[in-house]
Amino acid sequence: MKARVTVTLKSGILDPQGKAIEGALKSLGVDGVASVRQGKVFDIELSGSDKAKAEAALKDAADKLLANTVIENYRVEVLS
Amino acid sequence: MKARVTVTLKSGILDPQGKAIEGALKSLGVDGVASVRQGKVFDIELSGSDKAKAEAALKDAADKLLANTVIENYRVEVLS
Amino acid sequence: MQSNQPQITPEIVASHGLKPDEYERILKLIGRVPSFTELGIFSAMWNEHCSYKSSRIHLRGLPTKAPWVIQGPGENAGVIDIGDGQAVVFKMESHNHPSYIEPYQGATTGVGGILRDVFTMGARPIACLNALSFGAPEHPKTRHLVSGVVAGVGGYGNSFGVPTVGGQVRFHTRYDGNILVNAMAVGLADTDKIFYAAASGVNMPIVYLGSKTGRDGIHGASMASAEFDDDSAEKRPTVQVGDPFAEKLLLEACLEIMAADCVIAIQDMGAAGLTCSAVEMGAKGDLGVDLNLDAVPTRETGMSAYEMMLSESQERMLMVLKPEKEKQAEAIFRKWGLDFAVIGYTTPSKRFVVKHGGDVMADLPIKELGDEAPLYDRPHLAPPPLPVIHARDVKPPVGIMPALEKLIAKPELCSKRWVWEQYDHVILGNTVQRPGGDAAVVRVQDGPKGLALTVDVTPRYCEADPVEGGKQAVAEAWRNITAVGGRPLAITDNLNFGNPERPEIMGQFVGCLKGISEACRALDFPVVSGNVSLYNETNGRGILPTPSIGGVGLLDDFTKSATLSFKAEGEAILLIGETHGWLGQSVYLRDICGREEGAPPPVDLAAEKRNGDVVRGMIHAGTATAAHDVSDGGLLIALAEMAIASGIGAQLLAAPGSIVPHAYWFGEDQARYVVTVSAEQAGLVLAKMKGAGVPCTRIGTTGGDAVAVAGEQPVSVASLKAGFESWLPAYMNGSAA
Amino acid sequence: MKSAVLVFPGINRERDMARALKLASGHQAAMVWHAETSLPKGTDLVVVPGGFSYGDYLRCGAIAARAPVMDAVRAFAADGGLVLGVCNGFQILCEAGLLPGVLMRNARLKFICRDVHMRVERSDTAFTRGYNAGQIIRVPVAHGEGNYEADEETLKRLEGEGRVLYRYCSPQGVVDEPANINGAAHSIAGIVNERGNVLGMMPHPENHVEDIMGCTDGRGLFAGLVAHLEHAA
Ligand SMILES: Nc1ncnc2c1ncn2[C@@H]1O[C@H](COP(=O)(O)OP(=O)(O)O)[C@@H](O)[C@H]1O
Ligand SMILES: [Mg+2]
């Protein structure tokens, strides 16, 4: 099974990376960018075929390691 | 307009971070993880309302800066 | 006053950490009910962190003066004169609670804050140090906290571009729920270009610089503010995120506009951000301040006056500019890509006026905000003295050398390389002595001067006997500087204690300060800056009292410094100072016998001074080829560290008959150093010491590839080194407890 | 030797580099701001120093690689001018397309600062003529992302064309896994471009040029450049 965990910063948390990228895009002349926030994706291959079990395992992974839940939110999708 | 650019490593390129996370998840006892690859997402707010134009601007942004196309692929989605 | 702010209720007052009598004080002071914004301002100014209300009266007793002190406590950082028109600016500060909640960001913002304190005064940071206290290794959170904090300290300093050259790391169960992250920064400035916080002149522009303001770390009152904002949880992160890149830009921009002579006063926005910085600038300059919050650069929409006044967003500064230089200053800031906005003016009114959206949100007497803050002389109770533990009542080890091998591979005494290798300690190209020695040595510009830098404290001594423990912390910092050949000049202190409302804790605080004061006086080692962190406790149990002492010393010629590694085979090993075999509170007693007991070693300040001055003299004269102070773990640990650093072994004489061997080798008597001298000079040195009344004995000879004590099985230096280096990496890998 | 040291926001080893260049050549390097569109006249050597340009946000070196001054550097390199990138400078040169490959997170995911040993693979280049081929030198590293990676074909070309100039090794000169501090492909510490005039390396030779630092093994690189330029002149 393939799955994706997307981790994004909670709103209100400063995103220095996004800020720097925003500035760079502007100076590169990319049009109309108002704001950028950067997050992470984890593309994960799982053994087994039980979707519910996989989802539970991924939530566990996100809570324990992939996301820093003090400042980040995450979303889990089992793709296939 | 809100958009998301997702950048992932091309297959075949070594991902030390993904590999380390894979190992960490295993040792944390998260079940059934076969492999992990890490990528990035950029959540971008755009001014204007022309979807096609926005898409073109984002492609431009990805080519010019957000992705290193030697090692990375990207995908652009205009969400709203 | 604008009316559409929340009503003040007793609950709101309490949620701001203000006691009922403190609130009464506010009512009396301003003669009316404060607005919500005003209440926020009071809570920020009158909390422990800003007002030092529990500690102030005791801090007054610290010696803060010496001919070389340019600025003592009271400014962003202390300043000392090192000659040639150069000054060293330094301070230490804690970021304990945030680091427990989010270790990486807590540590980064701690480092960022202390760096700002230093460059605010016009100094370019040249070194950082850090003192870290974690819970027991086996505590489930410890590994995660160590990994996050160390990555955070490194993450900020490495990117900012300052070498992190020294520090301390300890583990103790009393920090399980309350770790300590103390960061120290040291900068270099010209004595005639120091910048201060006091504003001067009426109608001068007050300028906001740096990053934009968000809702970061808004102080305490999430409950109260939730009442006027529905989707609150997500909007009120209590965690600040550090941005070392922005800070590096801020540094360069600040130094550039200082050099261009644009600045009248400058203050960084640290804890309680805009409130504290603006009030201090005005109050110190005997001026009022008018702020217009509509001009504050924000990164979120709809921020209230309350939020802007209390935001702790990082990487921001407040400046009073020379009006004629405003354009020039702005151009410099724009060049560095930073925000720049005139957000107010100084006034003659001595009032602190905050306007937002056309309304006056606060109008308070500016001096009283600081001066009239509550001041407490809290009851304090000295702990009962603990019994002196006699060596004969302490179990001997199976063998001296196996005990050495065991001790050196334990958390307390093992190498902290795993930590400091994550810190860039060589950047700027001036780190003459890297971490791993007694004090770091950092060259001053192109030399010949150098600075010796160290952080020290032994919390278990402080708990057992606060006065002796306080003395010992200062004495050890003084000794570590001396051991590299430095002349100790001044200290910064970071006083980490539990809840001051408990008399036992206040007793520790008062006792430690007494000890610190005595030692600083005796050693001519004044306090020029510091920080107090109270309420470090969980479930009613305080941390070990931990007054971290950051010491700065001067080397007139950094090439005349000593390191702890043995230099050659066949040199004489001398022990300077008296050995009685003091085992109370020793690492031996705890880690070998499982007893954390007894009175700690007493500190004889006269002996410290006499012995230290002698050692420094030997280093300067080139007589001492290696030098190391004897601290934690005792004599044999010190010798093993010298052997490990060099790869050269030592043949040691047996313990003198008058002292039980394990007390001789592992006792923690103070005021001692190990030095090596060439075999030819040994006799002369011993004779001279005798003449000068300095206790000095030859205890062995360097050489071979093992550390050998007469009558004991020798241990190879390689195996000692393996043990010394292995514990921390193994622990962090999850393969050791 | 007239050198130009590029300064991007967030760069922080530019002073270390300027000091080393001064020691080696007697000349003060020109510090060139990222927004410039040309290099000082008569520049012999462009140095992209270490640091954290733009915080190393996004990817290390990515934003700096797109700064205006980099067009001038590209033109300078195309003309055969010498370009040296150290640490962040190496990352910037890769991102700018002046060198192949990329620098990824260290295999052990931690920032690492310590002295490492490198084997100088050949001495017949501008960047190594101050050393003997096979010489082992000791210099510090200080980076979190120094793990050099490139596709198989690129690596093959680099090796085939002798473009790997510096390789991590043990103090005895053995190239093996334990000595490969960041997990780099083929233990690569430094490479040159096809033409041999652009070098990127992770370690910091500029921090080992003075006796008082306990080691002067970094000097050879700078001395070699000076000699090379004198010879060419
Ligand atoms: N957190 C840290 N950061 C940097 N260096 C550290 C840290 N902890 C310990 N060190 C270094 O490790 C060495 C040994 O530390 P310590 O045992 O506390 O020394 P001492 O007994 O001389 O005070 C010192 O050089 C010290 O600076
Ligand atoms: Mg010491």
Side-chain angles (χ1 to χ4, degrees), chain C residues 124-126 147 150-151 153-165 242-249 251-253 335-338 417-436 441 443 445-448 450 557-559 561 563 565 729 732-733, chain D residues 7-23 31 33-35 49-58 60 63-64 67 86-88 106 108-116 139-145 181 203-215 218:
Chain C
R124 181 176 281 280
I126 57 168
S147 140
V150 170
V153 170
Y156 206 96
N158 298 346
S159 174
F160 178 85
V162 65
T164 301
V165 297
D243 183 355
F245 172 56
E247 179 122 321
K248 165 80 170 154
L249 303 180
L251 163 76
E252 299 298 343
K335 169 182 140 195
W336 288 100
L338 294 165
R417 180 186 297 276
W418 184 92
V419 172
W420 49 258
E421 280 195 344
Q422 293 184 59
Y423 304 154
D424 189 340
H425 48 267
V426 296
I427 186 168
L428 304 183
N430 291 323
T431 311
V432 179
Q433 276 201 44
R434 301 183 184 189
V441 176
R443 170 172 61 177
Q445 290 180 344
D446 290 325
D557 178 354
F558 67 84
T559 60
S561 76
T563 66
S565 59
M732 293 309 296
N733 268 335
Chain D
V7 183
F8 299 93
I11 279 290
N12 59 26
R13 258 190 171 81
E14 74 278 16
R15 287 180 177 76
D16 308 37
M17 185 56 80
R19 178 191 258 158
L21 291 167
K22 174 99 193 272
L23 275 172
M31 308 307 274
W33 186 238
H34 66 107
F52 284 71
S53 57
Y54 296 92
D56 270 359
Y57 299 148
L58 185 62
C60 47
I63 299 179
V86 170
C87 200
N88 201 211
N106 292 350
R108 278 159 235 158
L109 299 191
K110 286 191 172 48
F111 186 96
I112 179 145
C113 177
R114 71 156 77 132
D115 285 358
V116 298
V139 284
V141 292
H143 62 247
E145 301 180 61
I181 37 121
H204 291 283
E206 74 275 23
N207 284 136
H208 267 183
V209 292
E210 296 178 274
D211 289 320
I212 52 106
M213 292 301 149
C215 181

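Computed from a predicted structure; not experimentally measured. Below, chain A is the first sequence line, B the second, and so on; all start at residue 1. Computed from heavy atoms alone, side chains included, the values below leave out hydrogens, waters and symmetry copies.
- Proximity to chain D (any heavy atom under 4.5 Å) is shown, for C/Arg417, by neither the backbone nor the side chain.
- When every heavy atom of C/Val441 is checked against every heavy atom of C/Phe558, the shortest pair comes out as CG1-CB, 4.4 Å.
- Within the 4.5 angstrom heavy-atom criterion, only backbone atoms of C/Phe160 (N, CA, C, O) approach chain D.
- When heavy atoms are compared at a cutoff of 4.5 Å, D/Glu206 does not approach chain C at all.
- Looking at D/Asn12, the atoms closer than 4.5 Å to chain C (heavy atoms on both sides) sit in the backbone and in the side chain alike.
- Using a 4.5 Å cut-off between heavy atoms, C/Ile427 touches chain D through backbone and side chain atoms alike.
- Chain D forms more heavy-atom pairs under 4.5 Å with one residue of C/Asp446, C/Val432, C/Val426 than with any other, namely C/Val426.
- Taking chain D as the reference chain and counting heavy-atom pairs below 4.5 Å, the highest number among C/Leu428, C/Val162, C/Val150 is found for C/Leu428.
- Classified by interplanar angle (parallel below 30°, tilted 30° to 60°, perpendicular above 60°), the ring pair C/Phe245/D/Tyr54 is tilted.
- Minimum heavy-atom separation, D/Val116 to D/Pro203: CG2-CG, 4.4 Å.
- Remark: side-chain polar atoms of D/Asn106 are paired, donor with acceptor, to backbone N or O of D/His143 under 3.5 angstrom.
- Between chain D and the options C/Asn430, C/Asn158, C/Asp243, heavy-atom pairs under 4.5 Å are most frequent for C/Asn158.
- Ranked by heavy-atom pairs shorter than 4.5 Å toward chain C, the options D/Ile112, D/Ile212, D/Asn207 are led by D/Ile212.
- Interface remark: D/Pro9 contributes backbone and side-chain atoms alike to the contact with chain C (heavy atom separation under 4.5 Å).
- Minimum interatomic distance between D/Pro49 and D/Ile11 (heavy atoms only, all atoms of both residues): O-CD1, 3.5 Å.
- Judged by distance alone, with hydrogens and angles left aside, the side-chain atoms of C/His425 form no donor-acceptor pair with the main-chain N or O of C/Pro435 at under 3.5 Å.
- If you tally non-hydrogen atom pairs under 4.5 Å between each of C/Gly429, C/Gly447, C/Gly161 and chain D, the highest count goes to C/Gly429.
- Residue D/His208 touches chain C through its side chain alone, counting heavy-atom pairs closer than 4.5 Å.
- Contacts of C/Ser159 with chain D are made by both backbone and side-chain atoms, with heavy-atom separations under 4.5 Å.
- For the residue pair D/Met213 and C/Thr431, the shortest heavy atom distance occurs at SD-O, 3.5 Å.
- Of all non-hydrogen atoms in C/Asp424 and D/Ala142, the two that sit nearest each other are OD2-CB, 3.4 Å.
- Every side-chain contact (heavy atoms from CB on, under 4.5 Å) that C/Arg124 has, sequence neighbours left out, goes to C/Leu251, C/Glu252, C/Leu255, D/Arg15.
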